[in-house]
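Working notes, beginning with the structure itself.
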Amino acid sequence: MWVLTPAAFAGKLLSVFRQPLSSLWRSLVPLFCWLRATWLLASKRIKQQLVRREPDETKEEEEDPPLSTTPTSVNYHFTRQCNYKCGFCFHTAKTSFVLPLEEAKRGLLLLKEAGMEKINFSGGEPFLHDRGEYLGKLVKFCKAELRLPSVSIVSNGSLIRERWFQNYGEYLDILAVSCDSFDEEVNVLIGRGQGKKNHVENLQKLRTWCRDYRVAFKINSVINRFNVEEDMTEQIKALNPVRWKVFQCLLIEGENCGEDALREAERFVIGDEEFERFLERHKEVSCLVPESNQKMKDSYLILDEYMRFLNCRKGRKDPSKSILDVGVEEAIKFSGFDEKMFLKRGGKYTWSKADLKLDW
C-alpha cells in the first residue's frame, strides 16, 4: 500500500493548512511522525524486494573445496652429492644426507598409496651413493613390490657399470642420461668433463647396454650459452632415444644464483628467442620434447633428500614438511605443483617399457 503515499500525503497536508494558524503547529508534529513512519515502512519493503530479486552473493562467492593433488609422477632427488660440477646445476650439493633405505621405502609406499604411478630417481648423481646399490634396491622395490607402472633414473652416466644392469636392469623402465653437447671440449666447459674418459663415448656404451638389458634409453640436454648454436640432429638420430628432453637453462635462487648458491649460472642463461632457434634447428628430430623455463618451473613434483616437496613458484626451492612426518596429502599442499602445466608439457606419456613396444 505504500505506493499511495503521495496522494495520502497531499490530503493530509491540505487538511493541515485549512486549520487556523494557532492549531497549525500542533498538527505539524503528528504529520512529521506520520511521514517518518511511512518512509521507514516504504524503505523496508523496497529492501525486501531487492533482496528477492538479487542473487545470493554469498553463494556465488563460495568456492568448491580444492581437489587434492595426486602425485602421479614424482621426482625423488635422494642425494645432492655429485661427481660432476655442471655450472648451471639447479640441485646442488648443499647437504650429504641420504635417508636410511627402509625410511626411503616407507616414503615410497606412502606415495604409491596416494596414487603415484611413476617414480624418477635423480640427484646429484644417483649412482654415486653406495656405488649404485642403494639406488638399485629402491628401483627393485618400486617395480617388484610396489608394482609401479614406471621406474626411471636420470644420471650423468659416468658411474654406471654393466654389472648394475645385470642385477637391476629388469626392474628399470627408462634410463635418462644427461648429455649437453657432442663436442667434448664444450662438455668440459660446462662441467661434465671426466678427465681421461670421454662423455660422448660413454653415452654410446650406455645406449648399447640399455638395448641389451631392455631398458628404454632417453637423453636430457640443458641448452645454455655454450651449446645453443650446436646442431645435434645427426647424433641424436643415430642414438635413437625414446625421448630427447631439451631444457632451457633455468635459474633457481639459492641453488645456482643468489647469495647462498653453490653455482653462478647467470653466464649460462639464454633468452627465449635463442631457445626457440635451437628448437627450430632440430625440428626434424621426432623424439624432441622441449621444455622452456615457463613449462619447467612449476610442473614437476620434486622430493628432496628428506622427502620434502620443493615449491619453486617464487624462483627458489621452498620445502614442505616431510611426507614421513605429515603424510603425502598434507605435504603436497605446499608443493606449488601446476598439474595443468604438467599435462600441457606432456608430463604423462607412455612411460612403461612394457607398453613402449621397442625393437630391442
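- A centroid separation of less than 6.0 Å is found between the aromatic rings of Y306 and F97.
- When hydrophobic side chains of Ile, Leu, Val, Met, Phe, Trp and Tyr are connected at separations under 4.5 Å, Y84 ends up as a singleton with no cluster partners.
- Using a distance-only test at 3.5 Å, with no hydrogens or angles considered, a donor-acceptor pair links the side chain of S352 to the main chain of P149.
- Listed for the D338 side chain is a donor-acceptor partner under 3.5 Å among the backbone atoms of M341.
- Under the 4.5 Å side-chain heavy-atom criterion for ILVMFWY residues, no single connected hydrophobic cluster contains both V246 and V222.
- Closest approach of D180 and E230 over heavy atoms only: O-OE1, 4.4 Å.
- Formation of a donor-acceptor pair under 3.5 Å by the H282 side chain with backbone atoms of M232 is found in this model.
- Here C249 contributes atom SG and M296 contributes atom CE; the two are 9.0 Å apart, rounded to the nearest 0.5 Å.
- Annotation: K94, atom NZ; neighbour count of heavy atoms from other residues, nucleotides and ligands within 6.0 Å is above 12.
- For residues 243-270, the salt bridge (Lys or Arg N to Asp or Glu O under 4.0 Å) pairs, not counting sequence neighbours, are R80-E255, K245-E291.
- For L203 against C179, the heavy-atom pair with the smallest separation is CD2-SG, 3.8 Å.
- For the side chain to side chain contact (heavy atoms under 4.5 Å, CB included) with C142, the qualifying choice from L172, L148, D173 is L148, the only one to do so.
- Atom CZ in R313 sits 4.5 Å away from atom CG in D298 (nearest 0.5 Å).
- A 4.5 Å side-chain heavy-atom check between L239 and I219 finds at least one atom pair inside the cut-off.
- Between F121 and I119, some side-chain heavy-atom pair lies under the 4.5 Å cut-off.
- Cluster annotation: F182 and L288 are assigned to the same hydrophobic cluster (Ile/Leu/Val/Met/Phe/Trp/Tyr, side-chain heavy-atom contacts under 4.5 Å, transitive).
- D304 has a carboxylate O that lies under 4.0 Å from a charged side-chain N of R308, or vice versa, which qualifies the two as a salt bridge.
- Taking the six-membered ring for Trp and thresholds of 30 and 60 degrees, F268 and F88 have ring planes more than 60 degrees apart, a perpendicular arrangement.
- Contact between A216 and L358 at its shortest, heavy atoms only, is CB-CD1, 3.9 Å.
- For the atom pair NZ (K143) and OG (S150), the distance works out to 6.0 Å, reported to the nearest 0.5 Å.
- The side-chain heavy atoms of N202 and N198, taken from C-beta on, include no pair separated by under 4.5 Å.
- In this structure, the separation between CG on L250 and CG on N293 is 4.5 Å, given to the nearest 0.5 Å.
- Between F247 and Y300, the ring-plane angle classifies as tilted under the 30° and 60° cut-offs.
- When side chains are defined from C-beta on, P241 counts as touching I236, because their heavy atoms get closer than 4.5 Å.
- Panel note: side chain T208, backbone Q204; a donor-acceptor pair is recorded below 3.5 Å.
- Salt-bridge formation is not detected for the pair E280/R277: no Lys NZ or Arg NE/NH1/NH2 atom is positioned less than 4.0 Å from an Asp or Glu carboxylate oxygen.
- Side-chain contact between L303 and V74 is present, with heavy atoms from C-beta onward closer than 4.5 Å.
- Within 6.0 Å of atom CZ in R131, 12 or fewer heavy atoms from other residues, nucleotides or ligands are found, so the atom counts as exposed in its surroundings.
- A salt bridge does not link E145 to K105: none of the charged nitrogens lies less than 4.0 Å from a carboxylate oxygen.
- Of all the heavy atoms in N256 and C89, the pair that sits closest is CB-O, 3.1 Å.
- A distance-only check finds a donor-acceptor pair linking the side chain of H199 to the backbone of S178 [under 3.5 Å].
- If you take SG on C210 and NZ on K205, they are separated by 12.0 Å, rounding to the nearest 0.5 Å.
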- Task: Before giving the answer on side-chain hydrogen bond (donor to acceptor under 3.5 Å, both in side chains), spell out for T79 and E305 the whole-Å C-alpha distance, their side-chain angles and the decisive distance to 0.1 Å.
- Result: CA-CA 6 Å; T79 178; E305 63 273 26; over 6 Å; no

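- In the model, Q248 has a side-chain atom that pairs as donor or acceptor with a side-chain atom of D272 under 3.5 Å.
- R163 CZ: 12 or fewer foreign heavy atoms inside a 6.0 Å radius.
- Counting only heavy atoms from C-beta outward, the side chains of V177 and N220 never approach each other to under 4.5 Å.
- Rounding to the nearest 0.5 angstrom, the gap separating the CD atom in E103 from the CG atom in L108 is 11.0 Å.
- Counting only heavy atoms from C-beta outward, the side chains of F217 and R211 never approach each other to under 4.5 Å.
- Using a 4.5 Å cut-off on side-chain heavy atoms (C-beta onward), F127 and N83 make no contact.
- R281 has a carboxylate O that lies under 4.0 Å from a charged side-chain N of E229, or vice versa, which qualifies the two as a salt bridge.
- Checking D183 against S181 by side-chain atom types alone, no donor-acceptor pair falls below 3.5 Å.
- W164 has its ring centre less than 6.0 Å from the ring centre of Y168.
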- Task: Might you work through the side-chain hydrogen bond (donor to acceptor under 3.5 Å, both in side chains) test for S73 and E117, ending with a clear yes or no?
- Result: CA-CA 6 Å; S73 176; E117 298 177 20; over 6 Å; no

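- By the side chain to side chain contact (heavy atoms under 4.5 Å, CB included) test, S152 pairs with K118, N120, I174, sequence neighbours left out.
- Listed here is the closest heavy atom pair of A331 and S320: O-CB, 3.5 Å.
- L135 is connected to L101 through a chain of hydrophobic side-chain contacts under 4.5 Å among Ile, Leu, Val, Met, Phe, Trp and Tyr, so both are in one cluster.
- Separation of the F337 and F342 ring centroids falls under the 6.0 Å cut-off.
- M307 and V326 end up in different hydrophobic clusters when Ile, Leu, Val, Met, Phe, Trp and Tyr side chains are linked at under 4.5 Å.
- F275 and V289 sit in two unconnected hydrophobic clusters of ILVMFWY residues. Membership requires side-chain heavy atoms under 4.5 Å apart, directly or through other members.
- Contact check on K353 versus D355 returns no salt bridge, with no Lys/Arg side-chain nitrogen under 4.0 Å from an Asp/Glu carboxylate oxygen.
- Closest approach of A114 and T70 over heavy atoms only: O-CG2, 3.7 Å.
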